[in-house]
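This is a predicted model, so every value here is computed, not measured.
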Amino acid sequence: MCSSQTVKCQNQHLDAIPRSLPPNTKFLFVTGNNISRISVDSFPTRLELLTDLYLSGNELEAVDEMVFDNLPNLVRLDLSNNNIQTFSEQAFPDDNKLQVLNLSRCFHNHSTIDVLLSVLRNGNLLQLTALDLSNNDLVLLPEGSFASLPSLVSLSLQNSSIISILNGTLKVPPLRDLDLRDNSLSYFLPVSLAEFSLKPNLHILLAANPWRCDCFIEDTLLWLKNSSSQVADVQNLTCADPERMRRLPLLQVEQSQLKCSGGMEGVLETSYVFLGLVLALIGVIFLLVLYLNRKGIKRWMYNIRDACRDHMEGYHYRYEINSDPRLANLSINSDV
């Protein structure tokens, strides 16, 4: 469907991007098709006016090099709801103007995280201001993941299975909006809290995380109470564990309620039980080996006993000779 400068090719079972696109196309929607790969041949003619490209839901797996070279004014790119396995660092031209990139629901396996990091670090996305990485299997993002995005102000990591924010992960000076909802965060490391404190204009969303209210969350609670203006949904944050504090708002948790030592005792108790089970298993295996080799062990013990008896009889014989002078002389004469 074509309407003025908008072209829509949605749910048409296409296996490639249409080649005959109007030269004045500004908004292009090619969504819900079966396009597994896009390459430099996907856009054979230069589209100077194209600013918005939507390629979501195409079962896309590969983004090749120079694929966007003929889209010099591309500002918004939506690749969401695909299954990207490869993404070339040279996909974008060096002087690209991309500002908004949507990669939501694109990386369903943590093993493809290197593909994403390679593009973010080496893709020349210097003008990128908004990045959507929500609904991906990220788990952990290494240090400097966004260091090559100097213009980034909005970052969504919602529902990306993130368990912790490591030191240096968010070293992006202008970052203003950070969405960390629906992840697996139980507390923040002190280094992460220090990075948040260095960005007073940063607004964070943290709801729907399984906050564990024990000794490890103490620094996080202190930060929340002193910097509650940074967390837009701070009133919605509640404890998930332990059970006695479940659904208790984090802002109402007192330090005296954090049973740190009890938690450590529980860990030690579990460790001792595990050690006991391991030792018991080793004992059972040892006894089983002895039982299976009982005949050989019995034969070995008899051999040792016979050897010791022969050895002792030899000593006894020598002792009798040495104690009787007649036998001693007889022994000497026989030797001569």
Side-chain angles (χ1 to χ4, degrees), residues 1-138 156 160:
M1 183 187 78
C2 299
S3 175
S4 63
Q5 294 180 307
T6 301
V7 176
K8 294 184 177 181
C9 304
Q10 298 172 303
N11 304 310
Q12 298 297 314
H13 304 289
L14 301 176
D15 57 7
I17 294 177
R19 292 176 175 269
S20 56
L21 295 172
N24 67 334
T25 301
K26 187 174 183 180
F27 305 99
L28 176 59
F29 294 83
V30 184
T31 60
N33 295 287
N34 301 309
I35 305 173
S36 61
R37 177 183 294 272
I38 54 175
S39 65
V40 66
D41 297 327
S42 298
F43 301 97
T45 59
R46 196 170 178 86
L47 300 174
E48 297 279 354
L49 300 180
L50 186 67
T51 60
D52 294 51
L53 176 60
Y54 300 89
L55 298 175
S56 64
N58 282 307
E59 300 182 10
L60 186 63
E61 295 182 353
V63 180
D64 292 348
E65 60 184 9
M66 299 187 299
V67 60
F68 304 116
D69 278 11
N70 280 334
L71 309 177
N73 293 305
L74 183 64
V75 174
R76 295 176 183 82
L77 175 61
D78 184 356
L79 295 174
S80 63
N81 293 289
N82 284 295
N83 187 23
I84 296 178
Q85 303 295 319
T86 61
F87 200 133
S88 173
E89 298 175 2
Q90 287 80 40
F92 302 98
D94 292 342
D95 57 347
N96 72 84
K97 299 179 176 62
L98 192 67
Q99 296 180 17
V100 180
L101 177 59
N102 188 349
L103 294 174
S104 176
R105 293 188 178 88
C106 280
F107 302 95
H108 307 295
N109 192 323
H110 182 64
S111 61
T112 58
I113 186 66
D114 290 337
V115 175
L116 169 64
L117 294 176
S118 176
V119 176
L120 296 181
R121 290 170 173 170
N122 307 308
N124 296 307
L125 302 174
L126 303 179
Q127 297 189 41
L128 191 69
T129 59
L131 176 62
D132 189 346
L133 295 177
S134 62
N135 302 289
N136 287 304
D137 189 17
L138 302 180
S156 177
S160 291

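For the pair Asp52 and Phe29, the minimum side-chain heavy-atom distance is 4.5 Å or more. Using a 4.5 Å heavy-atom threshold, the side chains of Leu74 and Pro72 count as separate. Val67 is not listed as a side-chain neighbour of Val40, based on a closest heavy-atom distance of 4.5 Å or more. Inter-residue side-chain proximity for Leu60 and Ile38 is flagged as met; some heavy-atom pair is nearer than 4.5 Å. Two residues are said to be in side-chain contact when any heavy atoms from C-beta on lie closer than 4.5 Å; Leu55 and Ile17 meet this criterion. Considering only heavy atoms from C-beta on, Val7 comes within 4.5 Å of Pro22 through its side chain. Contact of the Arg19 side chain with the Asp41 side chain is registered, since non-hydrogen atoms from C-beta on lie closer than 4.5 Å. Side-chain contact check for Gln99 versus Leu128: every heavy-atom pair is 4.5 Å or farther apart.
When each of Ser80, Ser160, Ser104 is paired with Ser134, the side-chain hydrogen bond (donor to acceptor under 3.5 Å, both in side chains) condition holds for Ser104 and for no other. For the side chain to side chain contact (heavy atoms under 4.5 Å, CB included) test with Asn96, the passing option among Val75, Leu77, Asn124 is Asn124; the others fail.
Using modelled atom types, one side-chain atom of Gln12 and one backbone atom of Gln10 make a donor-acceptor pair closer than 3.5 Å.
Atom CG of residue Leu53 and atom OG of residue Ser42 lie 10.0 Å apart, to the nearest 0.5 angstrom. The structure places CD1 of Ile113 at 7.5 Å from CZ of Phe107, a figure rounded to the nearest 0.5 Å. With rounding to the nearest 0.5 Å, the separation of OG in Ser156 from CG in Asn135 is 7.5 Å. With rounding to the nearest 0.5 Å, the separation of NE2 in His13 from CG in Asn33 is 8.0 Å. Note that the CZ atom of Phe43 and the CG atom of Asp69 stand 11.5 Å from one another [nearest 0.5 Å]. With values rounded to the nearest 0.5 angstrom, Leu116 atom CG is found 5.5 Å from Leu133 atom CG.
The shortest heavy-atom contact between Leu50 and Lys26 is CD1-O, 3.3 Å. The two residues Ser56 and Asn82 have their closest heavy-atom pair at CA-ND2, 3.9 Å. Nearest heavy atoms, Asn81 versus Cys106: N-SG, 4.3 Å. Residues Asp78 and Tyr54 share a closest heavy-atom pair of CB-CD2, 3.5 Å. Nearest approach of Thr112 to Gln85, heavy atoms of both residues: CG2-OE1, 3.7 Å. Taking both residues in full, the closest heavy atoms of Leu14 and Ile35 are given as O-CG1, 3.5 Å, listed atom of the first, atom of the second, then distance.
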Under the criterion side-chain contact (heavy atoms from CB on, under 4.5 Å), I'd like the reasoning laid out for Asn70 against Arg46: C-alpha separation, chi angles, the key distance, then a yes or no.
CA-CA 4 Å; Asn70 280 334; Arg46 196 170 178 86; 3.9 Å; yes

Verdict with supporting geometry, Leu117 and Val115, side-chain contact (heavy atoms from CB on, under 4.5 Å):
CA-CA 6 Å; Leu117 294 176; Val115 175; over 6 Å; no

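With hydrogens and angles left out, the side-chain atoms of Ser118 and Glu89 include a donor and acceptor closer than 3.5 Å.
The local environment of CZ in Arg121 is crowded, with over 12 non-hydrogen atoms from other residues, nucleotides or ligands closer than 6.0 Å. No more than 12 heavy-atom neighbours from other residues, nucleotides or ligands sit within 6.0 angstrom of CG on Asp15.
A salt bridge links Arg37 to Asp64: at least one charged side-chain nitrogen sits closer than 4.0 Å to a carboxylate oxygen.
Phe92 and Phe68 have parallel rings, their planes meeting at less than 30° on a 0 to 90° scale where 60° marks the start of perpendicular.
Looking at residues two or more places apart in sequence or on another chain, you find no ring-ring contact (aromatic ring centres under 6.0 Å, His included) involving Phe27.
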